[in-house]
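Because the structure is predicted, anything quoted here is derived from the model rather than measured.
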Amino acid sequence: MRTEITAGQTSDYLGFDLVMADNLPEPSVLLADRGYDSDNIRKTMEVRDVVPVIPMRKTRKLRVAVDRRLYRLRNLVERCFNKLKNARRVATRYDKTAESFLGFIDITSIRLWLRHLST
């Protein structure tokens, strides 16, 4: 798992390069929302032999098909964010520094993972 913080007013796709730059295991599918619909991201993923499953923005002129069955799995990611935000400290961003905030996100993620393993 990889977490990064970007400024709140920046677009989602600006954090894409930060997360995908690591030497993590190569994914076979990229599930992302419309915020990641850019030609650059699609080309980058196709070069790496990763299938991009990203719905197109309404303003896109060139239509791109999406595997809806695969895209439904993104629900798991959204539920994970919801569980992270159940931690009051994450939802309200009490921490003053980015390192402290990221540390607490990591702690909360570990706690969720341990709960998942025990069920």
Residues R72 and D67 bridged, charged N to O under 4.0 Å: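 D67 and R72: not salt-bridged.
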Hydrophobic cluster identity match, L73 and V53, side-chain contacts under 4.5 Å: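 Yes, because L73 and V53 connect within a single hydrophobic cluster, where side-chain heavy atoms sit under 4.5 Å apart.
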Side chain to side chain donor-acceptor pair (under 3.5 Å): pairs with one or both residues in residues 76-87, sequence neighbours excluded: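 Those involving residues 76-87 are R74-E78.
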Measure from the side-chain N and O atoms of [X] to the backbone N and O of [Y], and report whether any donor-acceptor pair falls under 3.5 Å.
X: R34; Y: P55; answer: no
X: D37; Y: I54; answer: no
X: S118; Y: R115; answer: yes

Side chain to side chain contact (heavy atoms under 4.5 Å, CB included) evaluation trace for D39 with R60: CA-CA 10 Å; D39 292 332; R60 182 176 273 280; 3.0 Å; yes
Within the 4.5 Å heavy-atom criterion, are [X] and [Y] side-chain neighbours or not?
X: T44; Y: R48; answer: yes
X: L31; Y: Y36; answer: no
X: R111; Y: T108; answer: yes
X: L84; Y: S109; answer: yes

Partner residues of R88 under the side chain to side chain contact (heavy atoms under 4.5 Å, CB included) criterion, sequence neighbours left out: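 Listed in chain order: T92, Y94.
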Under the side chain to side chain donor-acceptor pair (under 3.5 Å) test, residues paired with R89 that sit two or more places apart: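 So R89 forms a side chain to side chain donor-acceptor pair (under 3.5 Å) with D95.
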